[in-house]
Amino acid sequence: MKKLKFKIGDEIFYVWHIKGPVSAPILHWFHANGLNAGTYENLLMELSTSFTVYAWDARAHGLNSNLTLPSKHTIFEQYTKDLVGLTNLLFEKHSTPIILAGHSLGATICIKAEKALRGKISHLVLADPVLFTPFVTKVSQILRWLKFSKPKNLYLAQNAAKRLNKWPTKKDALVYLSEKNLFKNWDDRSIKNYVKYGTTDTIKHVHLRCPPRVESLIFEESEYEFLAKEITQISTDTHVYLAAKGSPAFAKKAFTKIKKKKIIEILESTSHLFPIEEYRRFSAEISKNTIS
C-alpha cells in the first residue's frame with residue numbers, strides 16, 4: 001500500500017492507495033469507528049485485483065489522528081463533509097464515478113454523503129451500517145436505565161470510554177489486545193495492523209490514535225442519527241451486506257424502498273466484523289455484484 005496526501009479544505013489527509021488493473025473501477029473504503037484503513041489490508045489487497053483502491057483514515061483515526069478532533073454534536077456532519085471533499089478530489093483525479101464503500105460507521109457516513117455526490121459515485125457498498133431508529137434508541141435508553149446487561153451493544157459508548165489506553169510498548173499492546181474477545185476471530189495480520197496503524201508512541205508509553213473518549217462519543221451520537229428517510233431517497237445503485245449476528249442496521253427495511261438498483265444480502269454465519277474476518281468472501285461479493 002502506498003500513502004498519498006490530499007488537501008481537503010485547509011487540512012492534509014493521508015490516504016492509502018493500491019493500484020488495480022488497467023481501467024479498473026475506482027473504489028474508496030471507509031473503516032469502522034475506532035479502527036483504521038490499515039486494519040483492513042487483507043480486504044484492500046483482495047479488492048485491488050479488481051479495483052483501484054483508496055482507503056482513508058477518518059480524522060481522529062490512524063494516519064489522520066493529528067487533525068482537529070470532531071466536537072460533540074458535529075461528528076457525523078464533519079465526517080460527511082470530509083468524505084464529500086475527498087470523493088470530489090478522487091472524481092477530479094480519475095474523471096470517473098467512484099464506488100463509495102464502508103463498514104459500520106464508514107457505511108453510515110457513505111449514506112449521509114450520497115446526496116451531495118450524485119453523479120460522482122457509481123455505487124454504494126455498505127457493510128453492516130449503523131442505523132438506529134427512534135424506537136430502538138428509546139428502548140436502549142430504557143434498558144440501560146434498568147441496568148440490563150444484555151444485549152452487549154447496549155453499552156458500546158460506555159465500554160469504549162473505559163477502554164485501556166496505555167501500554168509500555170506496541171508489543172505489550174499487541175499481547176493485551178490479542179486476548180480480547182473482540183479480536184478472537186481475527187488473523188495475525190489484521191490484529192498486528194490494528195496495533196501498527198492504530199497506536200502511537202510517546203516518550204513514556206504507547207496509546208491509541210483514536211482516543212477512547214472520541215470512539216465513545218461516536219457510538220453515543222450514532223444512536224441519534226436516524227437515516228431511514230434519507231435511505232429511501234438514495235438515487236445511487238446500492239449494495240447492502242449485513243451480518244447474520246449482531247447487526248446494528250436496525251433501519252434496514254428502508255433499503256427495500258430505494259428505487260435504484262439494490263442488493264440486500266445477509267451473509268450467513270458472520271458477525272459485524274465480517275469485512276475483516278471474512279475478507280475473501282466479502283471481496284468476492286463486491287466484485288461479483290459491482291463489476292458488470
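Please read these numbers as outputs of a predicted model, since none were measured by experiment.
- The shortest side-chain heavy-atom distance between W16 and Y197 falls under the 4.5 Å cut-off.
- Annotation: K170, atom NZ; neighbour count of heavy atoms from other residues, nucleotides and ligands within 6.0 Å is above 12.
- For the pair F219/L105, no side-chain contact is recorded, criterion being any heavy-atom separation below 4.5 Å from C-beta on.
- Between K112 and E225 there is a salt bridge, with a side-chain nitrogen of the basic residue lying less than 4.0 Å from a carboxylate oxygen of the acidic one.
- For the pair R59 and E11, the salt-bridge criterion is met [side-chain N within less than 4.0 Å of a carboxylate O].
- Ring pair Y176/W167 is tilted by interplanar angle, where 30° to 60° counts as tilted.
- Closest of all the heavy-atom pairs between D57 and H31 is CA-NE2, 3.5 Å.
- Residue L242 holds its CG atom at 5.5 Å from CD1 of I266, rounded to the nearest 0.5 Å.
- Y224 is not connected to I111 by any chain of hydrophobic side-chain contacts under 4.5 Å among Ile, Leu, Val, Met, Phe, Trp and Tyr, and they are in different clusters.
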* **D82/Q78 under side-chain hydrogen bond (donor to acceptor under 3.5 Å, both in side chains): CA gap, chis, key distance, verdict** => CA-CA 6 Å; D82 292 342; Q78 182 64 65; 2.9 Å; yes

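- Using modelled atom types, one finds a donor on one side chain and an acceptor on the other under 3.5 Å when comparing S71 with T74.
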* Take F13 and F6 through the test ring-ring contact (aromatic ring centres under 6.0 Å, His included) and record every step on the way to the result. => CA-CA 5 Å; F13 280 74; F6 289 86; 9.4 Å; no

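- Contact check for S287 versus F51: side-chain heavy atoms found under the 4.5 Å cut-off.
- Nearest heavy-atom pair, S104 versus A32, reported as atom, atom and distance to 0.1 Å: CB-CB, 3.6 Å.
- With hydrogens and angles disregarded, a donor-acceptor distance shorter than 3.5 Å links the side chain of T256 to the backbone of K253.
- Side-chain contact check for V206 versus K166: every heavy-atom pair is 4.5 Å or farther apart.
- For F132 and F250, the ring centers are positioned less than 6.0 Å apart.
- Side chain of S283 to main chain of Y279: no donor-acceptor pair is present (N/O by atom type, distance under 3.5 Å, no hydrogens or angles).
- Remark: K262 NZ is packed, more than 12 non-hydrogen atoms of other residues, nucleotides or ligands lying under 6.0 Å away.
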* Please step through salt bridge (charged side-chain N to carboxylate O under 4.0 Å, His left out) for the pair R189 and E41, ending with a clear verdict. => CA-CA 8 Å; R189 184 182 193 181; E41 185 178 10; 3.1 Å; yes

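- Partner of Y194 under the side chain to side chain contact (heavy atoms under 4.5 Å, CB included) criterion, out of L174, I276, T199, L208: L208 alone.
- Once rounded to the nearest 0.5 Å, the distance linking CD of E92 with OG1 of T87 reads 11.0 Å.
- The two residues V84 and A116 come nearest to each other via the heavy atoms CG2-CB, 4.0 Å.
- For the pair S140/T137, no side-chain contact is recorded, criterion being any heavy-atom separation below 4.5 Å from C-beta on.
- Comment: E114 engages R118 in a salt bridge, judged by a side-chain N to carboxylate O separation of less than 4.0 angstrom.
- Not one N or O on the side chain of H103 forms a donor-acceptor pair closer than 3.5 Å with the backbone of F30.
- Judged by distance alone, the side chain of T232 and the main-chain N or O of I258 form no donor-acceptor pair under 3.5 Å.
- Checking side-chain atoms of D187 against main-chain N and O of S190 turns up a donor-acceptor pair under 3.5 Å.
- A donor-acceptor pair under 3.5 Å links the side-chain atoms of T270 to the main chain of A244, judged by distance alone.
- With hydrogens and angles disregarded, a donor-acceptor distance shorter than 3.5 Å links the side chain of T133 to the backbone of V136.
- Formation of a donor-acceptor pair under 3.5 Å by the S65 side chain with backbone atoms of H61 is not found in this model.
- Judged by distance alone, the side chain of T108 and the main-chain N or O of V130 form a donor-acceptor pair under 3.5 Å.
- Within the 4.5 Å cutoff, the side chain of V125 has heavy atoms near those of the Y241 side chain.
- Checked by atom type and distance alone, the side chain of N64 never pairs as donor or acceptor with a backbone atom of A58 at under 3.5 Å.
- The heavy-atom pair separating R213 from L69 by the smallest distance is NH2-CD1, 3.0 Å.
- Side-chain rings of Y54 and H28 stay apart, their centers remaining 6.0 Å or farther from each other.
- Because its NZ or CZ atom is not both nearer than 6.0 Å to the ring centre of Y14 and within 45° of the ring axis, K5 does not count as a cation-pi partner of that residue.
- Note that CG of N193 is 11.5 Å distant from CG of L35, once rounded to the nearest 0.5 Å.
- Residue R209 holds its CZ atom at 12.0 Å from CG of N165, rounded to the nearest 0.5 Å.
- Of all heavy-atom pairs spanning T49 and E46, the tightest one is OG1-O, 2.7 Å.
- S178 and I191 get closest at one heavy-atom pair: OG-CG1, 3.8 Å.
- The pair K245-E277 does not count as a salt bridge, with every side-chain nitrogen at least 4.0 angstrom from each carboxylate oxygen.
- Put simply, NE2 on H17 and CG on L90 are 9.5 Å apart, with the number rounded to the nearest 0.5 Å.
- Of the inter-residue distances, the one linking I109 atom CD1 with L126 atom CG reads 11.5 Å to the nearest 0.5 angstrom.
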* To do: Go through H272 and D128 one step at a time and tell me if the side-chain hydrogen bond (donor to acceptor under 3.5 Å, both in side chains) criterion holds.
  => CA-CA 7 Å; H272 180 60; D128 227 19; 2.7 Å; yes

